[in-house]
Structure formats: structure tokens, C-alpha cells
Enquirer: 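Sharing a structure here in C-alpha cells format.
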Amino acid sequence: MKIGGTLLAGPAEAALHGVLQVPGDKSMSHRSVMMAAVADGVTEISGFLPGEDCLATASMFECMGVSIEWLNAEKTALRVQGAGLHGLQAPDRILDAGNSGTCARLMLGLLAGQPFASTLTGDESLRRRPMRRVIEPLRRMGANITASGDGDLLPLTIQGGSLSGIDFESEVASAQVKSCVLLAGLYARGDTRVREPRPTRDHTERMLPLFGQPVGECDGWIVLHPSGELRAPEDVLTIPADPSSAAFFAVAATIVPGSEVMLTNIGINPRRDGWRRILTAMGADLETSREYAVGEEPVADIRACCRQKLAGVKVAALDVPDAIDEFPILFVAASLADGVFMLRGASELRVKESDRIAVMAGALRAMGAEIEEWPDGLQIHGRPRLKGGVEVDAHGDHRVAMAMAVAAQMADAPVLIHNAAAIATSFPGFVEQAQSIGMNVRWLEE
Ligand code: S3P
């Protein structure tokens, strides 16, 4: 967990107004640099997320001999000189994925194909997160892996080499697991086929074809027939703004009376769009305009307004993977809605950057919310306003910290949010953007 960083937040003094472009999509930023690093040729990427998570991915490739040139000071544009599928060099140090599950798990897929051994670790939070879900399929494909914590945890050492394609039926609905296996499949003899219990975000499947590697579908299986190379795309690879970051401001604008906020160039891929479906079902006023495509990804502007009180809903099981990262902020919306909000089938939330069911329930209860917790979800009875004058702990989880900063806008007094520094992993500039629309939030000097 990333310790430190205290936010002083709320309450909002007036309605929120403004136009925001949140930073680039985290999932796509990781994938773009990974694919570019093992492609032949030079890939130019724009809209990259310069958060700590994605920078960890970029610097891992630099450790393995890939040359990355940053094209601006903000690190949102870069040029990657690809090493080719077989051109990575053995790293001269332990690879550190920091706080990022996506970096660790997808990277393992690529490392499984390398003819050298590497050791991968992460921060305290990542070292608690389950890795067996990717270790097992990679072993079946032929990788040799020794992991800590009874074989389920980082740090782990992986010796890759000659892999064979497998048919893999994942027990968890996880895009990280699916993507890990597909990336390893690039190096395998024969086809790799993955089936998931529920559809998850498909950025890997949409992006690989831009690098000349088709991904097919047959009878519910995702099929990768390895072409033996990735080729850098001729056009600049542009990454849309991250819907997971936009969701914080969309909820803020739907709960603070009189607000209207426009969010531009937001990814609306259906596998990432569960938050909009759930929030709309709760009665939120969200309007899309200017729908267009960026590469293979659908994008739109989203206007969020506060016109009526939200109402609690029962979240459909199918919507869970499509909103998996947005539940912290959806719990905030639910705490201020009429009636009951119910979520089940979401035990994956317990193995994210923190146990997001327990941590969010604890923080929102401290603000007066009425919450019943289950192993796989929770139930929230909303109330008109939350209690301020309290201190809550974000437990080093970026999305908890940002969600609580939004919750505090509707509190009756300011709230202190401790251990919020991890916001920098996914949304550098969150506080400045929040202030620009009128949210009452600032960092406390420590
Ligand atoms: C991600 C997939 C999700 C999500 C994470 C990013 C990805 O994890 O929570 O923030 O980029 O593939 P799971 O697929 O493990 O649920």
C-alpha cells in the first residue's frame, strides 16, 4: 500500500461546472506500450496515461533494452522502438510492477515467452494479490514459475521458453488473466484459445489487430493463431480518455445539486460502460454526444447533470465485470440515493488494490452511511446527506481516495482522507481537475 498523502475534502460550496478531459485510459496505455515493445518497427503513441502504473510498465521494457523516447514533458506522447517478439534482453534487475496488477499479470504473459529468467515483484498491496490465476495457465503452456506465498504471490521468478498453445477456461472473469494468456500465446506453438465465465474488457483483442495480429472468436472461445510477429502500426496509436477516471466527475456532477459537467473523448467500449448503465438505471442524467471511433475503440463526450435524486438499484450480475473499477464511486452514488442499492457476485472487489468492499464500507459508514456487507457484495441504504467532520483511510487505494473525495462534496463538514497518495498511480492531476469544476478538495501539507 502506498502510505501517506492526506486530502482535505468537501463540502461543495456551490454547483459544479466545467469541461474536463481526463487522462488517457490506463488499460489501453499498458497494452499499447507492451505491444509496441515487442513489435517490429517504431510505434508512436498519444494520449498515454502518465500515471505511476503505466510508467512502471514502460520502465520495465527499458530494463529489457527497449528504447522509449518521450515526446513531451507531460509524458502523454511517446515513441517506442520495438525490439521485435524475440528481441527483449534479460533484465539486469528485479522487475517492479509497483501498485499495478495489470502491469504484473500482462507482463507475465510476455515474460513467459522469453528465453531468460526474470523476477517480478510489486508494492505491499500488489504482493498480497493473487497470481495463481495466471501462473497456472502459463505453467500449462510450458513456463517455469516459482512464486512466493504458497505459490500464489509476488515476488515470483519466471523462466520462459518454448510454449505451446492451450485451451484455457478461466474460472474468474478477468481481462488481466485473459490478456496474459493471449500475450503468451504470441510465443506459442499452435493456437491459444481462452473462454471466460463472463465477457470482460476486450482492449487486448481490439489492439492486437492494429499490430497485424488478428484475434478471432469461435463458439464462445477467443482464438489467437500466432502470426509469429507484431508490426508497429503506421498511424499514431491514440488512446481515449479513461472512463474509470471520468466516472468520478460524472458521479460528482449527478449528486451535487445544480451541477453540469462535460467530459470529453471518453471511452464508451461496452465492456467498460457498466458504470453508465448502472448510473443511468439509478436515474442519473448522462447524455452522450459526438460518438466516434479512435482506432478500434468507441469514444464520446458525456454530459453529466444533477436534475433529480438518484435511486438505489440491484446491479445485474452481467454488469459486474463491465463496471469492476467503478464500484467505489458507484457506492458513493448509492449512499446518497433513495432506497436500497444491492450488489452481489462481486467478490473480485476484495482482491483489488485494497479490499474495496470492506474499505469503502468502512469509509462510508464513518460518514453515516448504512451498509450491510456480504462476502461477494453489499447493500446500501441511501441518505440525503453524509456526515462530515470525520477522518477516513483510503488504504493506499487510488480509486477509494478519489471516490471519498467525491463523497465529501455532499458531507455536512470537511472530511480528511488519509493514505490518498496512490491517486498518482492512475490519475495524476485529479485534484487540480476536481478544483477546476468547483469541487472542494486539496492536499494537506504533511
Ligand atoms: C484491467 C482489468 C481489471 C481491472 C483493472 C485493469 C485490465 O482487472 O480491475 O483495473 O487492464 O485488464 P481484472 O481483469 O483482473 O478484473
Side-chain angles (χ1 to χ4, degrees), residues 23-35 48-49 51-54 56-57 97-110 122 125-126 128-137 152 154 168 170-184 194-208 215 222 239-240 242-248 267 269 271-275 297 317-330 345-357 360 376 397-400 402-403 422-423 425-427:
D25 189 276
K26 180 157 76 70
S27 293
M28 282 184 238
S29 294
H30 282 296
R31 286 160 172 78
S32 67
V33 77
M34 287 179 182
M35 292 177 199
F48 188 79
L49 168 65
E52 291 170 1
D53 277 10
C54 300
T57 295
N99 191 242
S100 175
T102 309
C103 172
R105 297 195 178 111
L106 271 61
M107 206 69 188
L108 284 172
L110 290 179
S125 146
L126 188 55
R128 272 188 266 123
R129 297 177 65 187
M131 294 294 150
R132 189 170 282 123
R133 52 183 62 193
V134 289
I135 291 173
E136 278 179 355
D152 192 23
L154 298 180
F168 175 61
S170 180
E171 278 172 18
V172 273
S174 163
Q176 294 180 352
V177 172
K178 167 179 65 179
S179 301
C180 167
V181 174
L182 291 174
L183 291 175
V194 182
R195 183 144 67 183
E196 12 181 33
R198 294 216 166 91
T200 64
R201 68 189 66 191
D202 56 359
H203 304 304
T204 303
E205 298 94 298
R206 287 175 188 249
M207 199 179 281
L208 276 171
V215 181
I222 299 156
I239 294 168
D242 197 326
S244 301
S245 297
F248 296 106
N269 179 323
R271 299 282 73 80
R272 296 289 298 283
D273 216 22
W275 69 274
E297 296 281 347
L318 242 179
D319 280 331
V320 171
D322 293 352
I324 193 72
D325 289 337
E326 287 68 67
F327 284 111
I329 189 61
L330 290 170
S347 53
E348 274 296 296
L349 290 178
R350 295 206 180 268
V351 291
K352 294 294 179 189
E353 286 82 329
S354 69
D355 175 342
R356 287 183 173 159
I357 296 176
M360 282 303 299
D376 68 337
D397 184 327
H398 53 133
R399 298 202 197 281
V400 172
M402 291 186 275
I423 287 174
T425 60
S426 72
F427 198 163

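All of these numbers come straight from a predicted model, not from anything done at the bench. As the structure lists them, so they are numbered: ligands from 1, and atoms in each ligand from 1. All heavy atoms count here, side chains included; hydrogens, waters and symmetry mates do not.
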Enquirer: When you measure from the side chain of Asp376 to the backbone of Gly345, do you find a donor-acceptor pair of N or O atoms at a distance under 3.5 Å?
Expert: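 Here the side-chain-to-backbone pair exists.
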Enquirer: Does any donor atom in the side chain of Thr200 or Lys178 lie under 3.5 Å from an acceptor atom in the other side chain?
Expert: yes
Enquirer: Quick one: does Asn269's side chain have a donor or acceptor within less than 3.5 Å of a partner on Glu297's backbone?
Expert: no
Enquirer: Under a 3.5 Å distance rule, please check whether Arg201 uses its side chain to pair with a backbone N or O of Arg271 as donor and acceptor.
Expert: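 Absent.
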Enquirer: Scan side-chain atoms only and decide if Gln176 and Thr102 contain a donor-acceptor pair under the 3.5 Å cut-off.
Expert: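 The criterion, which ignores hydrogens and geometry beyond distance, is satisfied for Thr102 and Gln176.
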Enquirer: Compile the protein residues with any heavy atom at a distance under 4.0 Å from an atom of ligand 1; present them by chain, then by number.
Expert: Lys26, Ser27, Arg31, Thr102, Ser174, Ala175, Gln176, Arg201, Ile324, Asp325, Lys352
Enquirer: Check whether any side-chain N or O of Asp397 sits under 3.5 Å from a backbone N or O of Ser354 as a donor-acceptor pair, and report yes or no.
Expert: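 Present.
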